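From a predicted model like this one, the values you see are computed outputs, not experimental measurements. Side chains are part of it too, since the values below use all heavy atoms of this structure and drop only hydrogens, waters and symmetry mates.
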Amino acid sequence: MSLHSYDVIIIGGGPGGYVAAIRAAQLGLHTAVVERENLGGICLNWGCIPTKALLRSAEVLRNAKHANDYGLVIQNPGFDLDKVVQRSRKVANQLNNGVKHLLKKNKVTVIEGAAKLAGKGLVAVTKGEAPVGTFGAKHIIIATGARARALPGLEEDGKLVWTYRKAMTPDVTPKSLLVIGSGAIGVEFASFYNELGAKVTVVEVMDRILPVEDEEISAMARKSFEKQGMRIITGGKAGNLRKSADSVTVTVEADGKIEDITVDRIIVAAGISPNTKNLGLEGTKVKLERGHIQTNAMCETDEPGVYAIGDVTGAPWLAHKASHEGVIVAEHIAGKYPHGLNILGIPGCTYSHPQIASVGLTEKKAKEKGYEVKVGRFPFIGNGKAIALGETEGMVKTVFDAKTGELLGAHMIGAEVTELIQGYTVAKTIETTEAELMHTVFPHPTLSEMMHESVLAADNRAIHI
């Protein structure tokens, strides 16, 4: 077979890989993407998108249960689990087909199979046991993402112990559920199954849930989840798993106490592991740290012509971070001199009930970095739109440099904050100050007014509290 050469080959067709491929093609580069499973990657097929479809079903159910609060009559609202799951998969499939269309539209070659580096400027692709071919490229982008991290003794079995894939396609609604890990993934599944009526317990090894979030936001989230009926155990370690026919028992140690917890199912959501095995990195100059590929601001590895983007390069493990890196690396290859990625400008979102969103430094991290801070807070209960929506639980918090007025961070909990956070993200990107935000006119009545009030509160100028 003759060697087929490209300007760029991307290994992995997830949110980093397919975006890099499209942008490279837009810039006139002859581009191919190698994908071993589904275009769109974990995010589109088994992560971000289908989980939001599940959570939307839970949200509609929750609203139906509270219809009387809005003067509406809906008797005995319930759910059909199979249809909930089918809708989620339909959404994922629609977007998967959309990615295929976009790649075809931009004349990107899609090569099905698993890829590995096979020498300088070479990528070998196999499908199953059969070789597909060896392809040449001036530039190779590794965008292989990550997988759920397995905990020793708590490995997935597809029936009693689940990771995210099984949790998204359950064949039964568990009456009781133990979620190990309280990051965004764990909290979202806890929120979904709690709304379906499961008795949910969350175990977190750190001293608080959502440990990457601002401490005040974490505390408010815990209070809300416990009010909804969840049990939260922090500083807890789970082990000694014992299985029966249709239930599982785990020993949890926390606060010096040991307790056996028996549930129908367990979801393990304890982080991710980068997909760097079997990539042919041996013999290259690519450096790994804790399994993650190390890169510079332009996503270059230490191996000339080899780049890496997305989850395989480390935190934050977010689809939009991968996509932005995909644009950066494509433009860098094309000689467009893009800006490097600013980690502190990447927003994070958790789509539980209530939602959580943030960007930049927490109050604690800002102080640790030596900033003298000014902090503004505004509660949802003080906002007219929130009251009209019946969504009065939540808060907007802003952190500023007291000396310069720089927006250091913003942290939110409550209805639709995952949509609101982008306002602060734009503000950070264009280096807007507190004064400029104060002089910005926000529309009324909207939830966004709380963003303005929080800024004003940092200077003791809030109007509605």
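- Between R62 and E195, at least one side-chain N (NZ, or NE/NH1/NH2) sits under 4.0 Å from a carboxylate O, which counts as a salt bridge.
- Ion pairing of D260 with R242 is present here, as a side-chain N (NZ or NE/NH1/NH2) and a carboxylate O approach within less than 4.0 Å.
- Within 6.0 Å of NZ in K166 there are more than 12 heavy atoms belonging to other residues, nucleotides or ligands.
- Residue-environment remark: CD (E419) stays at or below the threshold of 12 foreign heavy atoms within 6.0 Å.
- A 6.0 Å sphere centred on CD of E112 holds no more than 12 heavy atoms belonging to other residues, nucleotides or ligands.
- Smallest separation of non-hydrogen atoms from A319 and C43: CB-SG, 3.6 Å.
- In the displayed structure, M298 atom CE is contacted under 6.0 Å by more than 12 heavy atoms of other residues, nucleotides or ligands.
- Under 4.0 Å is where a charged nitrogen must lie from a carboxylate oxygen, and between R87 and D80 no such pair does.
- Within 6.0 Å of NZ in K175 there are 12 or fewer heavy atoms belonging to other residues, nucleotides or ligands.
- Counting heavy-atom neighbours within 6.0 Å of N278 CG, excluding the residue itself, gives a total of 12 or less.
- No more than 12 heavy-atom neighbours from other residues, nucleotides or ligands sit within 6.0 angstrom of NZ on K90.
- Around the CD1 atom of I185, the shell of radius 6.0 Å holds no more than 12 heavy atoms that belong to other residues, nucleotides or ligands.
- Between E216 and the options K364, K397, R222, K223, a salt bridge (Lys or Arg N to Asp or Glu O under 4.0 Å) holds for only K397.
- By the side chain to side chain donor-acceptor pair (under 3.5 Å) test, E331 is found to be paired with R23, residues two or more places apart in sequence or in another chain being considered.
- A salt bridge does not link R208 with E213: every distance from a Lys NZ or Arg NE/NH1/NH2 to an Asp or Glu carboxylate oxygen is 4.0 Å or more.
- Between D311 and K321 no salt bridge is recorded (no basic side-chain N to carboxylate O distance below 4.0 Å).
- T301 and Q294 are not linked by any side-chain donor-acceptor pair at a separation below 3.5 angstrom, with hydrogens and angles left out of the test.
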